[in-house]
Novice: 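Questions regarding the structure given below will be posed in turn.
Residue numbering restarts at 1 for every chain, and letters A, B, ... go by the order of the sequence lines.
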There are 2 protein chains.
Amino acid sequence: MSIEYAILGLLSWRELSGYDLKKIFEESVALYWTGNNNEIYRALVDLRERGLVSVEVQPQEKLPARKVYAATAEGRAELAAWTASAPQLPQRRHALLIQLAWADALPAGQLDNLLAEYEDEVQTQAIISRAQLQPAAAGARARFLDPAGARTPREAVLWRAILENWAAFYGSELAWVRALRVELSTARSS
Amino acid sequence: MSIEYAILGLLSWRELSGYDLKKIFEESVALYWTGNNNEIYRALVDLRERGLVSVEVQPQEKLPARKVYAATAEGRAELAAWTASAPQLPQRRHALLIQLAWADALPAGQLDNLLAEYEDEVQTQAIISRAQLQPAAAGARARFLDPAGARTPREAVLWRAILENWAAFYGSELAWVRALRVELSTARSS
DNA sequence: CAGATCATGTAACTGGTTACATGATTCA
DNA sequence: TGAATCATGTAACCAGTTACATGATCTG
């Protein structure tokens, strides 16, 4: 899947500028693209050309004009068709596992340092993804996937499930690396 | 990380032709590239140019010559340096989660069909990845990450951990989708 | 005054995918 | 005889990343 459907989905939820989208991508765990300008602005042009989104240019006095995009009826239809399409398996690229395959050449201390560093990083992500399960501060504009911004109870269930999936992913990874460190340290001393 | 280190690692383990590599990539769960020719043959040329692998051309009577590659001393040094490098977080692309974010427009039955199909696919992967934890048939050439092919006990521990990571990944995913289906069906009927 | 924020975009590159191309051999 | 396997490669394309480019405004 390309970033286009993610953008189309967001624009079906509320109207947003390229800059808004960029921030949403940067903040969200679930939207795993970097949110770089190139891709977002090109995707918006493309969606526009295909008639899936509309633009409204809002001139501002002192800042560059905001181009605010929203999904059109055709865009919503296209999105609905896509959501019904056959699910793909998630793809996971896990460079550390390839590193570990050949890491037997490393001294035990260095290997454990590597794993400890990894554990730290994963723990950070686990905390962040668990935090997203908590509702945002009252008064704040609901962020993407915050059940408070959902339009129906079922949508809230789905959004919570998405966040739980990410939390489970990092939780499982954290448990794995901790178990591996224990196993390596006990094997060494036995 | 590019596919190059994965190839260099395999060639540090045993000597292989491009065709052998292709098959290993296709068979292995852990080596998540498609194993397409383009990338493998280009990577081999590149590694060769950088002096990290050597080639031996083995002419065959009736088939095209095999070009058998192996890691050189420099290649092994480069690989060792890479294994010691800072670990990266795994990256996961999960299109279904983006689909679900906007799936509230689907009728309940269609949504459950989608999730059921996903559950099936994940279950297949879960079974495959658990199966790789079993030793290969006696007499068969040890496959990549089969502890039987490991060169030291610690390497066997690492290889098992890698396979367990994949099994845990699919196991966690399977539990998640099952729980979600239950939640959606009970919410509907209450 | 420096750094973050608002707001738009472009250029160059990397990594990876799909499909094309060739041709003999082996097996059901 | 048709499909799978052995064995090499090339061409065209797509998605995504990093870095470049501009410039005003707001905040500490």
Novice: OP1, OP2 of D:dT8 versus side-chain N and O of B:S17: anything below 4.0 Å?
Specialist: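 Yes, because at least one side-chain N or O of B:S17 sits under 4.0 Å from OP1 or OP2 of D:dT8.
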
Novice: Under a single-linkage definition using a 4.5 Å side-chain heavy-atom cutoff for Ile, Leu, Val, Met, Phe, Trp and Tyr, are B:L145 and B:I128 assigned to the same hydrophobic cluster?
Specialist: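 Same cluster: B:L145 reaches B:I128 through Ile, Leu, Val, Met, Phe, Trp or Tyr contacts under 4.5 Å.
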
Novice: To the side chain of B:Y69, which of C:dT17, D:dG9, D:dT18 is closest?
Specialist: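 Nearest nucleotide to the side chain: D:dG9.
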
Novice: Do NZ/NE/NH1/NH2 and the carboxylate oxygens of A:E27 and A:K23 come within less than 4.0 Å?
Specialist: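 Looking at A:E27 and A:K23, the cut-off is not met.
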
Novice: Could you give the CG-to-C1' distance, from A:L21 to D:dG16, as a whole number of Å?
Specialist: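 These atoms are roughly 16 Å apart.
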
Novice: If each of B:G35 and A:R66 is mapped to the nucleotide of DNA chain C with the nearest heavy atom, which maps nearer the 5' terminus, i.e. the 5' end?
Specialist: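 The residue mapped nearer the 5' terminus is A:R66.
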
Novice: Where the side chain of B:T34 is concerned, which of C:dT18, D:dT8, C:dC6 is the nearest nucleotide?
Specialist: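 Selected nucleotide (nearest to the side chain): C:dT18.
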
Novice: Let me know the distance between CD of A:E39 and P of C:dA11, rounded to the nearest Å.
Specialist: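 About 17 Å, once rounded to whole Å.
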
Novice: So if I take every side-chain heavy atom of A:Y41 and compare against D:dA15, C:dG9, D:dT5, which nucleotide ends up nearest?
Specialist: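 Closest nucleotide among those given: C:dG9.
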
Novice: Side-chain N or O of A:Q60 versus OP1/OP2 of C:dC6: is the shortest distance under 4.0 Å?
Specialist: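 Checking C:dC6 against A:Q60, no side-chain N or O comes under 4.0 Å of OP1 or OP2.
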
Novice: May I have the distance from B:K22 (atom NZ) to D:dT5 (atom P), rounded to whole angstrom?
Specialist: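 Those two atoms, NZ and P, are 12 Å apart.
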
Novice: If you find the nucleotide of DNA chain C closest to A:N38 and the one closest to A:P64, which residue's nucleotide is nearer the 5' end?
Specialist: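 Mapping each residue to its closest nucleotide by heavy atoms, the 5'-most match is A:P64.
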
Novice: Tell me the closest heavy-atom pair linking A:A108 and B:R154, and the distance in Å.
Specialist: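 Minimum heavy-atom separation between A:A108 and B:R154: CA-NH1, 3.5 Å.
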
Novice: Taking 4.0 Å as the cut-off, does a side-chain nitrogen or oxygen of B:N36 come that near to OP1 or OP2 on C:dT17?
Specialist: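 B:N36 to C:dT17 OP1/OP2: side-chain N or O found under 4.0 Å.
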
Novice: Ring centres of B:W33 and B:Y5 under 6.0 Å apart?
Specialist: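 Between B:Y5 and B:W33, which both carry aromatic rings, the centre distance is not below 6.0 Å.
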
Novice: Would you call B:R92-B:E173 a salt bridge at under 4.0 Å N-O?
Specialist: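 Counted as a salt bridge, because a side-chain N and a carboxylate O are separated by less than 4.0 Å.
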
Novice: Rounding to an integer number of Å, can you tell me how far A:I98 CD1 sits from C:dG15 C1'?
Specialist: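 The distance from CD1 of A:I98 to C1' of C:dG15 comes to 15 Å, rounded to the nearest Å.
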
Novice: Below 4.0 angstrom from OP1 or OP2 of C:dC6, is there any side-chain N or O of A:Y19?
Specialist: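 Yes, such a contact exists.
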
Novice: Take atom CG of A:D20 and atom P of C:dT5, then tell me their distance rounded to the nearest Å.
Specialist: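 Going from CG in A:D20 over to P in C:dT5 covers 14 Å.
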
Novice: Give the ring-plane orientation class for A:W176 versus A:Y118, where under 30° counts as parallel, over 60° as perpendicular and anything between as tilted.
Specialist: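 Rings of A:W176 and A:Y118: perpendicular, as their planes differ by over 60°.
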
Novice: Can you say whether a donor on the side chain of A:N37 sits under 3.5 Å from an acceptor on the base of C:dT10, or the other way round?
Specialist: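 Answer is no: no donor-acceptor pair is held.
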
Novice: If you look at every strand shown and take non-hydrogen atoms under 4.0 Å, does A:K67 touch a base, only sugar-phosphate, or nothing?
Specialist: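 Answer is sugar-phosphate: A:K67 comes under 4.0 Å of backbone atoms only.
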
Novice: Could you state the CG-C1' distance from A:D46 to C:dT10, rounded to the nearest angstrom?
Specialist: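 Answer to the nearest Å: 17 Å.
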
Novice: Please compare B:V68 and B:Q91 by the position of their nearest nucleotide in DNA chain D and report the one closer to 5'.
Specialist: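 With B:V68 and B:Q91 compared, the 5'-side residue is B:V68.
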
Novice: B:E4 has an atom CD; how far is it from atom P of C:dT14, in whole Å?
Specialist: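 B:E4 atom CD is separated from C:dT14 atom P by 12 Å.
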
Novice: Measuring from the side chain of A:W33 (C-beta onward, heavy atoms only), which nucleotide among C:dT8, D:dA11, D:dT17 has the closest atom?
Specialist: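 Nearest nucleotide to the side chain: D:dT17.
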
Novice: Rounded to the Å, how far apart are A:E56 CD and C:dA7 P?
Specialist: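 Whole-Å distance recorded here is 14 Å.
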
Novice: Check this one for me: any side-chain N or O of A:R93 less than 4.0 Å away from OP1 or OP2 of C:dG16?
Specialist: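 Affirmative; the distance criterion is met.
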
